[in-house]
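For clarity, every value in this text was computed on a predicted model and none was experimentally measured. Residue numbers start at 1 and run along the sequence shown.
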Amino acid sequence: MLKGCASHGHPLSREELDVIVAENDKQRFEFSDDRRRIRARQGHSIEVDLEYEPSIPPDILYHGTATRFLDSIKLMGLVRVGRQHVHLSFAVQTALKVGKRHGAPVVIPVRAREMQEAGFVFYCTENEVWLVDSVPSIYLKFDELTFL
C-alpha cells in the first residue's frame with residue numbers, strides 16, 4: 001500500500017499511514033489483522049465482502065441528504081446510487097453533517113427496526129455507520145424531517 005501511494009506521487013511513511021487511520025475524523029479506514037493491508041469501512045463503489053455480521057438496528061436511524069433530492073427519495077426511497085449500501089446514522093447531528101456535503105441539508109428518519117423485522121439486513125461498522133441495501137419510501141418518516 002505504501003508503494004502504491006508513492007507510485008502515484010504521494011509518498012507516505014508507515015508512521016504517517018498509522019496516524020491517518022487512527023485520527024481520521026470519520027474512522028473510515030481499518031487495517032487487516034496482520035496490519036499489511038488497509039481498506040475503507042464503507043462507501044465502496046464495487047462489491048466488497050466487508051465481513052460484517054448482520055446487526056439489529058435501533059428503532060430509528062437517520063439519513064442525511066440535500067433537500068434537492070427529496071422528491072426523488074419520496075418516489076424511489078433511498079437507493080445505493082453507485083455505492084454498495086445506503087448509509088444511515090444513529091445521530092441526527094451526524095446525518096446533518098453528511099447532508100451538508102451535498103447542499104442544503106435535510107435529515108430523514110428511517111424506521112429501521114420495522115425494516116429489519118420485515119426482512120431487511122442491517123450491518124453496523126466499527127465507526128457506527130449503519131448499512132442496508134435500500135430503504136423503500138414506506139419506511140421513511142417524511143413528517144419528521146430535520147432541516148438546518
Side-chain angles (χ1 to χ4, degrees), residues 1-2 4-5 8-10 12 15-33 35 37-148:
M1 76 187 122
L2 295 175
C5 288
H8 285 89
H10 302 286
L12 285 176
E15 293 75 25
E16 289 170 316
L17 184 61
D18 287 344
V19 169
I20 289 168
V21 171
E23 295 181 5
N24 179 265
D25 63 337
K26 293 187 177 185
Q27 292 297 291
R28 290 180 190 249
F29 309 104
E30 65 186 355
F31 285 109
S32 62
D33 289 339
R35 299 186 59 78
R37 294 176 293 149
I38 188 172
R39 73 173 184 189
R41 288 186 162 141
Q42 69 273 335
H44 300 91
S45 57
I46 59 171
E47 191 73 24
V48 174
D49 181 3
L50 298 171
E51 300 176 2
Y52 293 131
E53 294 293 323
S55 299
I56 296 174
D59 290 344
I60 302 293
L61 289 170
Y62 301 95
H63 181 77
T65 190
T67 56
R68 70 179 184 271
F69 300 131
L70 274 176
D71 289 339
S72 174
I73 291 169
K74 286 178 182 179
L75 289 174
M76 300 176 59
L78 298 173
V79 294
R80 298 181 281 186
V81 188
R83 288 189 167 185
Q84 193 170 347
H85 295 98
V86 170
H87 295 188
L88 303 172
S89 303
F90 181 74
V92 172
Q93 289 300 78
T94 303
L96 271 173
K97 284 183 193 176
V98 171
K100 281 183 186 180
R101 295 188 323 213
H102 305 288
V106 61
V107 174
I108 307 168
V110 175
R111 291 195 304 273
R113 181 66 61 85
E114 245 180 82
M115 286 181 63
Q116 187 266 333
E117 290 170 354
F120 289 83
V121 179
F122 286 80
Y123 304 94
C124 187
T125 67
E126 289 182 30
N127 59 334
E128 299 182 359
V129 174
W130 285 86
L131 308 174
V132 66
D133 284 343
S134 65
V135 180
S137 60
I138 61 169
Y139 294 105
L140 301 173
K141 299 178 79 169
F142 291 109
D143 58 330
E144 296 182 25
L145 301 176
T146 301
F147 297 89
L148 187 62

Please report the closest heavy-atom contact between Ile60 and Pro109, naming both atoms and the distance. CG2-CB, 4.0 Å
Would you give the length of the straight line joining atom CD of Gln116 to atom CZ of Arg113, rounded to the nearest 0.5 angstrom? 6.5 Å
At what distance, to the nearest 0.5 angstrom, does OG1 of Thr94 lie from NE2 of His87? 14.0 Å
Calculate, to the nearest 0.5 Å, the distance between atoms OG and NE2 belonging to Ser134 and His85 respectively. 10.5 Å
Take Leu78 and Thr65 through the side chain to side chain contact (heavy atoms under 4.5 Å, CB included) test and state the conclusion after the steps. CA-CA 10 Å; Leu78 298 173; Thr65 190; 5.8 Å; no
Can you find a heavy atom in the side chain of Leu148 that is under 4.5 Å from one in the side chain of Lys100? yes
Which distance, rounded to the nearest 0.5 Å, do you find between the OG of Ser55 and the CH2 of Trp130? 5.0 Å
Atom CD of residue position Glu144 - does it have more than 12 heavy atoms of other residues, nucleotides or ligands inside 6.0 Å? yes
Using every non-hydrogen atom in the two residues, find where Ser89 and Ala95 come nearest and quote the distance to one decimal. OG-N, 3.9 Å
Do Ile108 and Ile73 have side-chain heavy atoms sitting under 4.5 Å apart? yes
To the closest 0.5 Å, what do you measure between OG (Ser137) and CG (Leu75)? 7.5 Å
Should we say atom CZ of Phe69 is surrounded by more than 12 heavy atoms from elsewhere, each under 6.0 Å from it? yes
May I ask you to test the Phe120-Pro136 pair for a side-chain heavy-atom distance under 4.5 Å? yes
Where Tyr62 and Ala91 come nearest, the two heavy atoms and their spacing: CD1-C, 4.0 Å
Less than 4.5 Å apart, any side-chain heavy atom of Val121 and any of Tyr123? yes
So among Asp133, Leu61, Ile56, which one has a side chain to side chain contact (heavy atoms under 4.5 Å, CB included) with Phe122? Leu61
Between Val132 and Met115, is the side chain to side chain contact (heavy atoms under 4.5 Å, CB included) condition met? List the steps. CA-CA 10 Å; Val132 66; Met115 286 181 63; 4.1 Å; yes
Minimum heavy-atom distance Pro105-Leu96, with the two atoms named: CB-O, 3.9 Å
Derivation and outcome, side chain to side chain contact (heavy atoms under 4.5 Å, CB included), residues Lys74 and Leu140: CA-CA 8 Å; Lys74 286 178 182 179; Leu140 301 173; over 6 Å; no
Rounding to 0.5 Å, atoms CG (Leu131) and CZ (Arg80) come to a distance of 11.5 Å
Applying side chain to side chain contact (heavy atoms under 4.5 Å, CB included), run through Val86 and His63 and close with a yes or a no. CA-CA 9 Å; Val86 170; His63 181 77; 4.2 Å; yes
Of all heavy-atom pairs between Ala112 and Pro58, which one has the smallest distance, and what is that distance? CB-O, 3.5 Å
